[in-house]
Structures are given as C-alpha cells and as structure tokens.
Amino acid sequence: MKRYTPAKRYALFTGAYNLMMGGIKDLKRSYATEKEAYKEVEHIAKTDPFTHWAQIFDKKTDTAKVYRIKDKKITEDKPQDCPHPEPHAA
C-alpha cells in the first residue's frame with residue numbers, strides 16, 4: 001500500500017535573471033518548511049555564481065519572499081508600494 005505524502009508547502013524558484021514572470025523552468029523543488037528552503041538558498045549563494053535571485057513561494061498563503069544574491073551574499077527584496085503623491089493642502 002502506498003503511503004500518502006502531503007504536498008510540500010514552500011516552492012523554491014531561482015535563476016540568473018528575475019523577470020517577475022518566471023516559469024516552471026525556474027522551479028527548483030518544494031520544501032516542507034521555509035527554513036529548509038532558505039537553507040537551499042544559502043547553499044546556492046555559496047556554490048552557484050550564475051544564480052542572482054531566489055524566491056520562496058508559500059503555496060498556502062499565496063505569498064513570496066524574494067532574495068537577491070550578489071557576491072555570495074543574500075539580501076531580501078522588500079516589496080515597495082507605488083509612489084503616491086502627498087495630498088495637497090486645500
């Protein structure tokens with residue numbers, strides 16, 4: 001009898017160029033925890049000079065964390081709101 005394995009919640013995408021409209025080719029694999037996925041990002045940052053970005057996508061909440069990789073260092077890209085002009089005084 002086959003044992004059921006639940007889907008892993010966190011999908012890891014990586015690549016050389018982040019076009020924000022990536023595809024399945026950027027999917028590396030899925031992990032049960034965000035920590036496991038981030039450990040893989042750390043490994044990639046140390047060993048793959050051609051990977052410049054990573055994204056950990058949470059399939060349950062439909063949210064993602066995006067990381068920039070440069071010179072073996074990882075920085076998280078924080079989402080920025082569109083600039084809104086200050087309201088004018090009447």
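Position 1 is the first residue of the sequence; numbering continues from there.
Hydrophobic clustering keeps I69 apart from W53 (ILVMFWY residues linked when any side-chain heavy atoms are closer than 4.5 Å, directly or through intermediates).
Annotation: side chain to side chain donor-acceptor pair (under 3.5 Å) contacts of R9 (sequence neighbours excluded): D58. Legend: residues meeting side chain to side chain contact (heavy atoms under 4.5 Å, CB included) with K59, ordered by chain and number and at least two apart, are A11, S30, F57. K28 meets the side chain to side chain donor-acceptor pair (under 3.5 Å) test with no other residue; sequence neighbours excluded. With sequence neighbours excluded, the residues that form a salt bridge (charged side-chain N to carboxylate O under 4.0 Å, His left out) with R68 are D77. Under the side chain to side chain contact (heavy atoms under 4.5 Å, CB included) criterion, E36 pairs with Y31, A32, T33, sequence neighbours left out.
For the atom pair F13 CZ and Y67 OH, the distance stands at 14.5 Å (nearest 0.5 Å). Taking NZ of K35 as the start and CD1 of I56 as the end, the distance is 13.0 Å to the nearest 0.5 Å.
For the pair Q55 and K65, the minimum side-chain heavy-atom distance is 4.5 Å or more.
Distance alone, capped at 3.5 Å, places no donor-acceptor pair between the D71 side chain and the K73 backbone.
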Scan the side chains in residues 37-44 for donor-acceptor partners under 3.5 Å anywhere in the protein, sequence neighbours excluded, and list what turns up.
none

